[in-house]
Amino acid sequence: MIIVVGSINLDLIANVDRLPAPGETVRGSGFATAPGGKGANQALAAARAGAKVRMVGAVGKDNFATEALALLRDGKVDLSGVGETFASTGIAVIMVGDDGENVIAVVPGANDSVLPGDLSKAFVKKGDVMLLQQEIPLQTVDAALEAARAAGAITVLNTAPFRGEAAPFLGKADYLVANETEFDLYGEALSLKGRDRPARMRDYAKKTGRAIVVTLGGDGVLAATPEDFLTVPALKITPVDTVGAGDTFCGYFAAGLASGLPLEQALARAAIAGSLACLKPGAQPAIPLARDVDAASRKSAS
């Protein structure tokens with residue numbers, strides 16, 4: 001079982017010719033809504049990867065909640081751990097440029113009410129994988145890492161969005177997943193040693209005794225453990241929309257660990273899934289199914 005403790009949002013997506021500079025207004029070419037939130041995105045990705053998934057989070061008592069949970073319900077994610085609050089359902093306002101790059105503003109709403117007491121709904125046990133991000137209160141993330149370790153579960157912490165105050169507890173996660181910008185910022189906060197990113201990754205793994213995974217977008221993935229260093233390529237694609245690619249990677253990566261895949265294989269499958277997620281617009285609607293990921297994997301290996 002994969003237990004995702006995290007955010008649930010409704011994404012409000014505007015397509016623009018190019019992303020605006022500060023103070024600039026640009027004309028949009030399209031608008032759509034889609035279920036989102038890093039926690040919910042990763043939960044759906046893990047479910048589409050073939051894992052059994054339980055979601056712990058919160059939504060508001062508003063019209064956005066039904067749409068925000070729709071694809072999780074369709075994906076057979078266990079929503080018994082999702083509560084309702086009087087705060088609004090979280091939203092993300094997203095602008096996507098013609099080149100596929102994006103900027104995002106998140107209004108947490110109900111996600112700020114996901115507190116350590118809600119972890120009783122996780123029912124975490126030995127052998128489970130707990131998947132976390134940083135769009136909910138950090139005290140809850142820290143408490144979840146502790147609870148999972150006490151239960152004998154594996155923990156995967158995605159450091160998005162960057163929050164410097166999380167630095168002291170990052171080393172509690174069995175697998176830390178960061179994009180290159182997040183890792184470089186945390187590297188400064190943690191005073192990691194090394195002249196380049198791989199060296200600092202090795203220093204992190206040595207100091208914590210844990211694994212660090214750094215995603216590089218189209219350049220693939222790097223991973224360091226106390227014993228090894230891995231480089232995994234991404235698929236060569238022309239991106240349509242990079243929203244949700246990192247979340248797809250995390251969900252598929254957690255599913256790979258839960259199914260017992262060796263680290264390199266779990267990373268490779270997740271990297272392919274993340275690449276495929278860039279070929280469609282939106283976050284959750286773009287998450288590929290396992291059969292499509294496996295087909296792409298076979299094609300890339302041939």
Any salt bridge between [X] and [Y], counting N to O under 4.0 Å?
| X | Y | answer |
| --- | --- | --- |
| K207 | D203 | yes |
| R197 | D184 | yes |
| R200 | E188 | no |
| R269 | D294 | yes |
| K121 | D118 | yes |
| D142 | K172 | yes |

State yes or no: do [X] and [Y] share one hydrophobic cluster built from I, L, V, M, F, W and Y residues joined by side-chain heavy-atom distances below 4.5 Å, directly or via other members?
| X | Y | result |
| --- | --- | --- |
| V82 | L71 | yes |
| L145 | L131 | no |
| V4 | V213 | yes |
| V93 | V107 | yes |
| F169 | I212 | yes |

Search all heavy atoms of [X] against all heavy atoms of [Y] and return the closest pair with its distance.
| X | Y | value |
| --- | --- | --- |
| G90 | N111 | CA-ND2, 3.9 Å |
| A153 | K125 | CB-O, 3.8 Å |
| A283 | N41 | CB-ND2, 3.7 Å |
| V56 | A122 | CG2-CA, 3.9 Å |
| A234 | G217 | CB-O, 3.8 Å |
| I13 | A34 | CD1-CB, 4.0 Å |

*Could you tell me whether a side-chain N or O of E24 sits under 3.5 Å from a main-chain N or O of A21, the two making a donor and an acceptor?*
yes
*asked:* Please check this pair: side chain of T208 against backbone of G171, looking for a donor-acceptor N/O pair closer than 3.5 Å.
replied: no
*Passes side-chain contact (heavy atoms from CB on, under 4.5 Å), V53 versus D78? Steps please.*
CA-CA 6 Å; V53 183; D78 179 353; over 6 Å; no
[X] versus [Y]: any side-chain heavy-atom pair under 4.5 Å?
| X | Y | result |
| --- | --- | --- |
| Q139 | L115 | yes |
| L69 | V59 | yes |
| F229 | P198 | yes |
| P288 | R48 | no |
| N102 | T242 | yes |
| V156 | L132 | no |
| L19 | V16 | yes |
| L289 | V293 | no |

Just wondering, more than 12 heavy atoms not from [X] lying within 6.0 Å of its [atom1]?
| X | atom1 | answer |
| --- | --- | --- |
| K61 | NZ | yes |
| F31 | CZ | yes |
| D196 | CG | yes |

*Please state whether the rings of Y186 and F162 are parallel, tilted or perpendicular, taking 30° and 60° as the class boundaries.*
tilted
_Checking F183 against T159 for the side-chain contact (heavy atoms from CB on, under 4.5 Å) test, could you report, in this order, the C-alpha distance in whole Å, the side-chain angles of both residues, the deciding distance, and whether it holds?_
CA-CA 8 Å; F183 177 74; T159 60; over 6 Å; no
[atom1]-[atom2] distance between [X] and [Y], expressed to the nearest 0.5 angstrom:
| X | Y | atom1 | atom2 | answer |
| --- | --- | --- | --- | --- |
| T215 | L267 | OG1 | CG | 10.5 Å |
| L222 | T231 | CG | OG1 | 5.0 Å |
| Y252 | L261 | OH | CG | 12.5 Å |
| E180 | L216 | CD | CG | 5.0 Å |
| I91 | I8 | CD1 | CD1 | 15.0 Å |
| T155 | L157 | OG1 | CG | 8.0 Å |

What I want to check is whether the side chains of [X] and [Y] have a donor and an acceptor closer together than 3.5 Å.
| X | Y | answer |
| --- | --- | --- |
| Q42 | D247 | yes |
| N9 | S7 | no |
| T89 | D62 | yes |
| N158 | Q134 | no |
| E182 | N179 | yes |
| E67 | T33 | yes |

*Measure from NZ or CZ of R210 to the centre of the six-membered ring of Y204 and say whether it is under 6.0 Å with the direction within 45° of the ring axis.*
no
*asked:* Quick one, L79 with R73, criterion side-chain contact (heavy atoms from CB on, under 4.5 Å). Give me CA distance, side-chain angles, the key distance, then yes/no.
replied: CA-CA 8 Å; L79 299 178; R73 286 199 174 94; 3.4 Å; yes
*V221/V214 under side-chain contact (heavy atoms from CB on, under 4.5 Å): CA gap, chis, key distance, verdict*: CA-CA 6 Å; V221 182; V214 177; over 6 Å; no
